[in-house]
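For reference, the structure discussed in these notes is given below.
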Protein chains: 2
Amino acid sequence: MSTYHHGNLRASLIDTGVELARSEGPGGVSLREVARRAGVSHNAAYRHFADKDALLTEVARVGMQRLGEAMVEAVEAARPGAGATTALARLRATGKVYVGFAFAEPGLFRTAFASCPDPTDTSPALTDPDPFALLVETVDGLVAAGLVEEDRRDAMVLMCWTTVHGYATLHLDGPLRGVPGDERDAALERLLDEVEHALT
Amino acid sequence: MSTYHHGNLRASLIDTGVELARSEGPGGVSLREVARRAGVSHNAAYRHFADKDALLTEVARVGMQRLGEAMVEAVEAARPGAGATTALARLRATGKVYVGFAFAEPGLFRTAFASCPDPTDTSPALTDPDPFALLVETVDGLVAAGLVEEDRRDAMVLMCWTTVHGYATLHLDGPLRGVPGDERDAALERLLDEVEHALT
DNA sequence: AGACCGATGTTGACAGTGGACACATTCGGC
DNA sequence: GCCGAATGTGTCCACTGTCAACATCGGTCT
């Protein structure tokens, strides 16, 4: 056989890992299954990843990147301009796409945040569209529009993030799981109303 | 040996499961290890729990209960009375003890929310001090004090919950893990300031 | 060209897990 | 005292992560 060497196994393993994370969640990503789907021996992965965690970390990075991509898409789709209403619309769009991604890709979302790399490591190694950076950018838009005082910026960023993230996790794995989709969405609208209320 | 029958193995298994969850997190709770520590065969647990998930669910219930107990303690310690400042102090105390519990008992907190029972099941089977009910109670105190309009009650509840829960999970397992404790605490104070700001 | 070597992939083994089955032991009610 | 039900044991299987030894390929040096 000509394919003793796979070519770019590493990327291939990450890809199938992502697919497994999408369909089964982080717990469903096993080295053996990933290798199996890549059509390769169960131990081949060790030539490219130190251990299972290393693979999961890469899968998580991809998940984080997809989230970032969805966010830029949503922000750009939100009405352009520099006014206050535009800044607010962008914040709202950011929040909605964040939880939208969590519900559309629960397995990937869980994986992205469950095995994200330890930020205290030497190499932070951020993804290109970095969700956190995008959020900061959005809040800075609010500051620029005069809706938020400079010294409240960091607190606002943290508040927006914790709100949508908590909302997503409580509904995804927590006690709010099982709430029907329409109720969920309505609650999100009112929640975002409150967040907007907070920054006035 | 007189102890072929353990006596109350079920409770004993849950207890050791809780200890394992405390020290190792949900992933460290294995049927075999729990049985081993209880001094019993690895299959004995199946007489009391349908599968591993059933045990984990019970452990999660205990975790949820401990969180609830910590919350009542904190609320009662907060200055008594019925005024507006008391209501605010209680809300703040509730939030602080929520994340305080998460950092003091990370394994238990993770377990409590990772494998909490599906609320859509026929038997919700709430814990006695139910954290959610306590939060609702606290927010109702704000309503009674005239700080929050009646029709914003549910949104406020959700906002408070998502905020502290998101804060806890982002710092526990998410990208904010690794933030030093003092920075973390300072950020929480400012975050709670913003939440208070939101409800005026 | 031909030998060589590092990178890559394979096979085999081991310990640990959750789970299913048949079997053993003990307790409570008659 | 006896019998059935509850409870615990032993054995087995499939699966996983990880390690060690071996096989194969591509490129480099002579």
Side-chain angles (χ1 to χ4, degrees), chain A residues 1-61 107 110-111 114-118 173, chain B residues 1-61 107 110-111 114-118 173:
Chain A
M1 217 41 190
S2 64
T3 54
Y4 184 101
H5 278 66
H6 181 286
N8 57 350
L9 183 57
R10 180 183 168 90
S12 186
L13 289 173
I14 296 177
D15 276 356
T16 61
V18 167
E19 287 315 304
L20 260 155
R22 288 186 60 192
S23 54
E24 311 284 340
V29 181
S30 82
L31 276 178
R32 290 180 117 100
E33 183 64 22
V34 166
R36 211 171 290 139
R37 297 202 184 186
V40 99
S41 167
H42 70 267
N43 247 337
Y46 281 91
R47 299 295 162 187
H48 302 274
F49 304 97
D51 54 3
K52 183 189 177 181
D53 258 3
L55 203 187
L56 265 194
T57 299
E58 291 309 304
V59 173
R61 178 193 312 287
R110 273 187 275 253
T111 309
S115 25
C116 62
D118 191 336
D173 303 312
Chain B
M1 217 44 189
S2 65
T3 56
Y4 184 99
H5 278 66
H6 182 285
N8 57 349
L9 183 57
R10 180 184 166 90
S12 186
L13 289 174
I14 296 177
D15 276 357
T16 59
V18 167
E19 286 316 304
L20 259 154
R22 287 184 62 192
S23 54
E24 311 284 340
V29 181
S30 82
L31 276 178
R32 291 179 118 97
E33 182 63 22
V34 167
R36 210 172 290 137
R37 297 201 182 188
V40 98
S41 166
H42 73 268
N43 250 334
Y46 283 92
R47 299 293 163 188
H48 303 275
F49 304 97
D51 55 3
K52 184 190 177 182
D53 259 2
L55 203 186
L56 258 261
T57 298
E58 291 309 306
V59 174
R61 179 193 312 287
R110 273 187 275 251
T111 309
S115 25
C116 64
D118 191 336
D173 303 312

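Convention: sequence-line order gives letters A, B, ...; per-chain numbering from 1.
For Asp51(A) against dG17(D), a side-chain-to-base donor-acceptor contact under 3.5 Å is absent. For Arg32(A) against dT18(D), a side-chain-to-base donor-acceptor contact under 3.5 Å is present.
When each of Gly39(B) and Glu33(A) is assigned the nucleotide of DNA chain D with its nearest heavy atom, Gly39(B) is the one assigned upstream, toward the 5' end.
Rounded to an integer number of Å, the gap from Arg47(B) CZ to dA22(C) C1' is 10 Å. The CG-P distance, from Leu55(B) to dG18(C), rounds to 10 Å in whole Å. Distance, Asn43(B) CG to dA6(D) P: 18 Å, rounded to whole Å. Summarising the geometry, the separation between CZ on Phe49(A) and C1' on dG17(D) is reported as 15 Å, rounded to the nearest angstrom. Atom CG in Leu20(B) sits roughly 14 Å away from atom C1' in dT17(C) (whole-Å rounding). The distance between atom CZ of Arg37(A) and atom P of dT16(D), rounded to the nearest whole Å, is 11 Å. Residue Asp53(A) contributes atom CG, which lies 14 Å from atom C1' of dT16(D) at whole-angstrom precision. For the pair Leu56(A) CG and dT16(D) C1', the interatomic distance rounds to 13 Å; values are reported in whole Å.
Backbone-only engagement by Arg36(B) is indicated by non-hydrogen atom pairs under 4.0 Å involving sugar-phosphate atoms exclusively.
At the phosphate of dT17(C), OP1 or OP2 sits under 4.0 Å from a side-chain N or O atom of Ser30(B). In this model, the phosphate group of dG9(C) is approached by a side-chain N or O of His48(A) to a distance below 4.0 Å at OP1 or OP2. Taking only side-chain nitrogens and oxygens, Tyr46(B) comes nearer than 4.0 Å to OP1 or OP2 of dG19(C).
Relative to the side chain of Ala44(A), the nucleotides dG17(D), dT10(C), dG10(D) differ in distance, and dT10(C) lies closest. Taking only side-chain atoms of Leu9(B), from C-beta outward, the nucleotide of dT9(D), dT10(C), dG8(D) with the closest atom is dG8(D). Comparing dA13(C), dT11(D), dG9(C) by their nearest atom to the side chain of His42(A) picks out dA13(C).
Residues Arg37(B) and Leu20(B) are in side-chain contact: their nearest non-hydrogen atoms beyond the backbone lie under 4.5 Å apart.
Asp51(B) places a side-chain N or O within 3.5 Å of a backbone atom of Ala54(B) that can act as its donor or acceptor partner. A distance-only check finds no donor-acceptor pair linking the side chain of Asp53(A) to the backbone of Leu56(A) [under 3.5 Å].
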task: Starting from the C-alpha separation in whole Å, work towards a yes-or-no answer on side-chain contact (heavy atoms from CB on, under 4.5 Å) for Leu31(B) and Tyr46(B).
output: CA-CA 9 Å; Leu31(B) 276 178; Tyr46(B) 283 92; 3.3 Å; yes
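Counting heavy atoms of neighbouring residues, nucleotides and ligands inside a 6.0 Å radius, atom CZ of Arg110(A) exceeds 12 of them.
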